[in-house]
Amino acid sequence: MDALRNGVSTEGGDTDEALLAAIGRRDEGAVAILYDRYGGLTYGLAYRILGERGAAEDVVQDTFLSVWRRATSFQSGRGSVRTWLLSIVHHRAIDRLRGTAGRARRDAPLDDLDRVAEVDDPWREVETMVQRDVLRRGLAGLPDAQRRTIELAYFGGHTQHEIAAMMDVPVGTVKGRMRIGLQKLRDALLGTGIEQG
Amino acid sequence: MRRVNDIHTQTDPGHCPFNEQGFAAAYALDALDGDERRTYEAHLARCPICPAEVASLRSTVAQLPLAAAPHGEAGPDALPSPALRARILDAVAAESRPVAAGTGATPAAPAPPLPFPGRRLPQAYAMAAVLLLALGLGLLGWNLSLQREVRQLRSDVSRLATERDEALAVSNLSATGAVAGQAATGEVMYLRERRQAIVMVNNLPPLQPGQVYQIWLIAGGVPEGAGVLNAPSGGAMVQGDVTRYQRLAITIEPGPNGSATPTSPPVLAGALNLD
């Protein structure tokens with residue numbers, strides 16, 4: 001199947017991994033395709049974190065430039081290209097939010113990827129839509145305190161102590177909310193068969 | 001916390017107090033700080049439970065970006081500016097060329113022609129293509145493996161064709177009423193296994209600022225809102241169990257969330273024959 005798929009040249013048929021390989025060979029056109037595929041998603045994440053168009057676009061631009069420079073460091077066995085891209089955006093946006101001179105808590109390298117179930121590539125867009133839908137419903141279904149705790153940590157870049165102060169609860173409660181909330185989200189995603197890892 | 005080094009060795013291997021207190025979740029969200037982070041990382045190196053839990057929760061966290069850009073919320077800054085694409089490609093082009101010595105302000109080199117011309121088809125086509133590609137490759141892969149079993153090939157191929165039909169049902173939508181004659185087209189694809197329908201449209205009539213396309217599911221003549229689309233070509237999840245409705249229609253409504261009942265005639269409509 002891999003050989004077959006890599007040989008396919010119809011619209012949407014180039015796998016993300018094939019695009020990264022092309023970028024590794026200094027193929028600028030492959031960057032354009034990767035951007036057409038993920039520009040909106042990466043911008044959406046950066047904008048959600050930074051709340052400002054200029055800063056969000058800077059982060060997206062930095063991210064794609066760093067992909068251009070480091071495409072060969074991507075390890076396909078460790079997760080999807082989409083996850084890799086989004087993790088770079090997340091790191092950079094949170095760093096920017098905190099100020100680069102802030103505490104150096106985030107020391108994860110660019111390729112610090114988590115194992116994510118790889119979805120058959122041709123299903124990419126459809127799967128993204130399904131996942132987005134499941135995730136939004138899952139988040140919307142969480143009690144407000146759990147959802148806010150997760151959002152403050154992920155999109156706000158806040159630590160548990162900061163969140164505890166903001167929500168006026170003990171740190172142990174913050175951790176508990178993170179645990180229950182994430183477990184519910186995981187269950188929601190597992191229920192779709194999307195995230196099997 | 002102070003007895004961190006021995007705590008895990010004293011507990012039932014099926015339970016880890018760190019995990020139960022939410023350390024794995026906080027770590028997966030990168031929300032531990034200072035000593036607790038270092039302490040937990042030391043614990044991770046030895047705990048039989050926590051590493052798998054952290055990995056699993058990180059996979060969940062990795063999906064959170066999908067919730068970042070609310071689909072159907074059309075804020076002015078919800079999408080990157082069209083100039084961003086050109087800026088990125090210019091920056092890439094600039095990096096990939098040796099810097100000419102002595103030239104102060106080099107004019108931005110035009111982006112080279114893309115080696116993949118014609119790839120930016122409307123999203124609806126692209127999505128239809130990936131769907132069909134997935135099905136086609138599935139069949140091809142099956143067929144290749146079946147070549148070793150020639151005697152069964154015929155029955156298996158017909159079975160596979162049936163399976164494909166079972167996996168996916170498609171209903172066409174057509175332009176209606178005021179806009180009939182325009183090139184608006186659409187399809188509803190129903191992924192049976194997921195019980196999920198996706199509507200894909202192309203060339204819908206343009207929106208005025210603040211408007212959205214709203215999807216309606218209709219049973220017994222009563223329309224129920226089933227999501228919105230923001231672009232004249234593209235796709236969206238249909239919110240609702242399409243097998244319980246007879247028709248699907250799309251109207252233009254005030255954004256960002258549409259109306260409670262349709263306030264304009266449909267621009268696209270069709271029967272749902274998905275079951």
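These numbers come from the heavy atoms of this one structure, side chains and all, not from hydrogens, waters or symmetry mates. Only a predicted model underlies this, so the values are computations on that prediction, with no experimental measurement involved. Each chain gets a letter, A, B and so on, in the order its sequence line appears, and its residues count up from 1.
- Among the candidates A/I150, A/L86, A/L45, the single residue satisfying the side-chain contact (heavy atoms from CB on, under 4.5 Å) test with B/L64 is A/I150.
- Of all the listed residues (B/S81, B/A26, B/A28, B/A24), the one sharing the greatest number of non-hydrogen pairs under 4.5 Å with chain A is B/S81.
- Only the side chain of A/R69 comes within contact range of chain B, with at least one heavy atom under 4.5 Å from a heavy atom of that chain.
- Ranking A/M178, A/R53, A/Q183, A/Q61 against chain B, the residue ahead of the rest is A/R53, based on heavy-atom pairs under 4.5 Å.
- The pair A/K175-B/E36 counts as a salt bridge, with a side-chain nitrogen and a carboxylate oxygen less than 4.0 angstrom apart.
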(request) Evaluate the side chain to side chain contact (heavy atoms under 4.5 Å, CB included) criterion for residues A/T159 and B/L32: first the C-alpha distance (whole Å), next the side-chain angles of each, then the deciding distance (0.1 Å), finally the verdict. (result) CA-CA 6 Å; A/T159 67; B/L32 288 182; over 6 Å; no
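- Side-chain contact between A/L41 and B/L66: present, with at least one pair of heavy atoms (C-beta onward) separated by less than 4.5 Å.
- Both the backbone and the side chain of A/L182 come within contact range of chain B, with heavy atoms under 4.5 Å apart.
- Rounding to the nearest 0.5 Å gives a distance of 8.0 Å between OH of A/Y43 and CG of B/L79.
- Taken to the nearest 0.5 Å, the CG atom of A/D62 stands 9.0 Å off from the CD1 atom of B/I88.
- Side-chain contact of A/R186 with B/Q63: a donor-acceptor pair under 3.5 Å is absent, judged by distance alone.
- The side-chain heavy atoms of B/T60 and A/L189, taken from C-beta on, include a pair separated by under 4.5 Å.
- A donor-acceptor contact closer than 3.5 angstrom is absent between the side chains of A/Q160 and B/R37.
- More than 12 heavy atoms of other shown residues, nucleotides or ligands fall within 6.0 angstrom of atom CZ in B/R87.
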(message) Evaluate B/E20 against A/R179 for salt bridge (Lys or Arg N to Asp or Glu O under 4.0 Å), listing each step before the verdict.
(response) CA-CA 8 Å; B/E20 280 155 22; A/R179 172 171 176 252; 5.7 Å; no
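- When heavy atoms are compared at a cutoff of 4.5 Å, A/V174 does not approach chain B at all.
- The side-chain heavy atoms of A/Y154 and B/V61, taken from C-beta on, include a pair separated by under 4.5 Å.
- Atoms CD1 and CG, from A/I163 and B/L29 in turn, are 8.0 Å apart once rounded to the nearest 0.5 Å.
- Shown here for A/A153 and B/A31, the closest heavy-atom pair between the two residues is CB-CB, 4.3 Å.
- The heavy-atom pair separating A/T83 from B/A62 by the smallest distance is CG2-CB, 3.7 Å.
- Looking at heavy atoms from C-beta onward, B/L89 lies out of side-chain contact with A/Y35 at the 4.5 angstrom threshold.
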